[in-house]
Amino acid sequence: MKICSFNVNSIRARLGLLLDWLSHRGDDIDVLCLQELKTVDEGFPINEFQALGYHCELYGQKAFNGVAICSRLPVVSVSKGFGSDTEWDKQRRIMQVRLGGSADGITVVNVYAPHGGERGSEKYNYKLQWYEQFKSYLSTIAHDTNNTAFVVGDFNVARYDSDVYDPAALKDTIATMPEERRAFETIIECGFTDIYSHCHPGKSHYTWWAYGAAIWKDQGMRIDYALATAQALAITKDIGVDLWPRRKKTPTPSDHAPLIVETDGSRLNANSHSKDLIGSFMPSS
DNA sequence: ATGCCCTTCAATGAAGGA
């Protein structure tokens, strides 16, 4: 079974590319977690995804933010936002679903963390405070010791210096600052494992490149992650970044590439056309 | 060996992204 996290930077602008890509892969994605929809729910092209066998849970917002989870596994329950009408849900950035059965199912959290602007700005403070909310939200999930839970999305933090192409040049710029990295670690300390670092120790793979020539020079950052509880890690087989949709010239790509987790989905009766290869392609030069 | 910012909106440039 495969769970994908993809910041699409507008679902309406990216629909063609997204459908091309899913087809190109042989329709092997079972759970598709999308970020930065940039549209209200009514603007989401739900028919196209239903035609591919996905059930869509939407949490959209006009012009900014917005997340969705499209699943081929049965959705048992859904929760959108941090909940209880909090001020923190004015920006729609987080949702979760329970998939499969209640006993042998999995929880998938889909998140789009704030960018943060510049250090010391209002947006920067918002980002750090938002991470506090995120931490308590995830603590609840992590404290359920039997919870097979994945947390995927755009965290807007490059965890290590090796997660950026030029650590010296990017020192103390957004996504690399000590306070942000500390905030990221508090999430991990709730009881999660960074699946990429676990499966590929000592290595990094970027998930975002600025628009322009950066993708052709592999000058990017790792800011998208998949985290797992111990139970989730136990069924995790591999993780990779698929560069195909990022390197496509037409239609215009997102600035992110999709991150794909492969798990042992037999207990969930996942009916996918899984292939052995997750599909990681490095730039040719 | 090249590519050299994109999307949104009571829009026609500005704001937000990373």
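Lettering of chains follows the sequences in order, A, B, ..., and the numbering in each one begins at 1.
- Interatomic distance, A:Glu36 CD to A:Asp255 CG, rounded to the nearest 0.5 Å: 7.0 Å.
- The residue from A:Trp130, A:Phe192, A:Phe134 that alone fulfils the ring-ring contact (aromatic ring centres under 6.0 Å, His included) condition with A:Phe155 is A:Phe134.
- Spacing between atom CG of A:Leu15 and atom C1' of B:dT7 amounts to 15 Å, rounded to whole angstrom units.
- Contact between the side-chain N/O atoms of A:Lys123 and the OP1/OP2 oxygens of B:dG16 is found at a separation under 4.0 Å.
- Stacking is found between A:Trp216 and the pyrimidine-like six-membered ring of the B:dG3 base under the 5.5 Å centre-distance and 30° plane-angle cut-offs.
- Ring geometry, A:Tyr137 versus A:Phe82: the interplanar angle exceeds 60°, so the pair is classed perpendicular (tilted spans 30 to 60°).
- Atom-to-atom distance recorded for A:Ser71:OG and A:Glu57:CD is 9.0 Å, nearest 0.5 angstrom.
- Counting to the nearest Å, the P atom of B:dC5 and the CH2 atom of A:Trp208 are 13 Å from each other.
- Distance check, rounded to the nearest 0.5 Å: CG of A:Asn7 to SG of A:Cys33 gives 12.5 Å.
- Here B:dG3 presents its P atom at 14 Å from CD of A:Gln219, a figure rounded to the nearest Å.
- Using a 4.0 Å cut-off, no side-chain N or O of A:Lys248 falls inside it from OP1 or OP2 of B:dG3.
- Here the P atom of nucleotide B:dA15 and the CG atom of A:Asn65 are 18 Å apart, to the nearest Å.
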| task | Begin with the C-alpha distance, continue with both residues' side-chain angles, and end with the deciding distance and a verdict on side chain to side chain donor-acceptor pair (under 3.5 Å) for A:Asn9 and A:Tyr211. | result | CA-CA 12 Å; A:Asn9 183 19; A:Tyr211 279 115; 3.1 Å; yes
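- Regarding contacts with the backbone of B:dT7, a side-chain N or O of A:Arg14 is found under 4.0 angstrom from either OP1 or OP2.
- Salt bridge absent: A:Asp238 and A:Lys2 never bring a charged side-chain N and a carboxylate O closer than 4.0 Å.
- The distance from atom CG of A:Leu37 to atom C1' of B:dG17 is 15 Å, rounded to the nearest whole Å.
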Could you list all N or O pairs between the protein and nucleotides 11-14 of chain B that sit under 3.5 Å apart?
none

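- Closest to the side chain of A:Ala13, from the set B:dC9, B:dT7, B:dC4, is B:dT7.
- Across all strands shown, A:Asn7 has heavy atoms under 4.0 Å from sugar-phosphate atoms exclusively, and none from any base.
- The stretch residues 151-173 of chain A comes close to DNA chain B through A:Asp154, A:Asn156, each having a heavy atom under 4.0 Å from the strand.
- Residue A:Phe64 contributes atom CZ, which lies 18 Å from atom P of B:dC6 at whole-angstrom precision.
- In summary, A:Lys123 and A:Glu118 do not engage in a salt bridge, as defined by a charged side-chain N under 4.0 Å from a carboxylate O.
- Nearest nucleotide to the A:Ser10 side chain, out of B:dC9, B:dG17, B:dT7: B:dT7.
- Once rounded to the nearest 0.5 Å, the distance linking NZ of A:Lys80 with CG of A:Leu58 reads 6.0 Å.
- The side chain of A:Lys249 approaches B:dG3 more closely than any other nucleotide in the set B:dG3, B:dC9, B:dT7.
- Distance, A:Lys38 NZ to B:dA15 P: 15 Å, rounded to whole Å.
- The distance between atom CZ of A:Arg246 and atom C1' of B:dG3, rounded to the nearest whole Å, is 11 Å.
- A distance of 9.0 Å separates NZ in A:Lys248 from NE2 in A:His24, rounded to the nearest 0.5 Å.
- Put simply, the residue from A:Leu99, A:Val109, A:Asn110, A:Ile195 that forms a side-chain contact (heavy atoms from CB on, under 4.5 Å) with A:Phe150 is A:Ile195.
- Where A:Ile174 and A:Ala213 each meet DNA chain B at their nearest nucleotide, the meeting point lying more 5' is that of A:Ala213.
- When the side-chain nitrogen and oxygen atoms of A:Ser254 are compared with OP1 and OP2 of B:dC6, none of them lie within a distance under 4.0 Å.
- Between A:Arg12 and B:dC9 there is a side-chain polar atom (N or O) within less than 4.0 angstrom of OP1 or OP2.
- In the set B:dT7, B:dC5, B:dC9, the nucleotide with an atom closest to the side chain of A:Tyr211 is B:dC5.
- If A:Ile223 and A:Pro253 are placed on DNA chain B by their nearest nucleotide, the residue sitting closer to the 5' end is A:Pro253.
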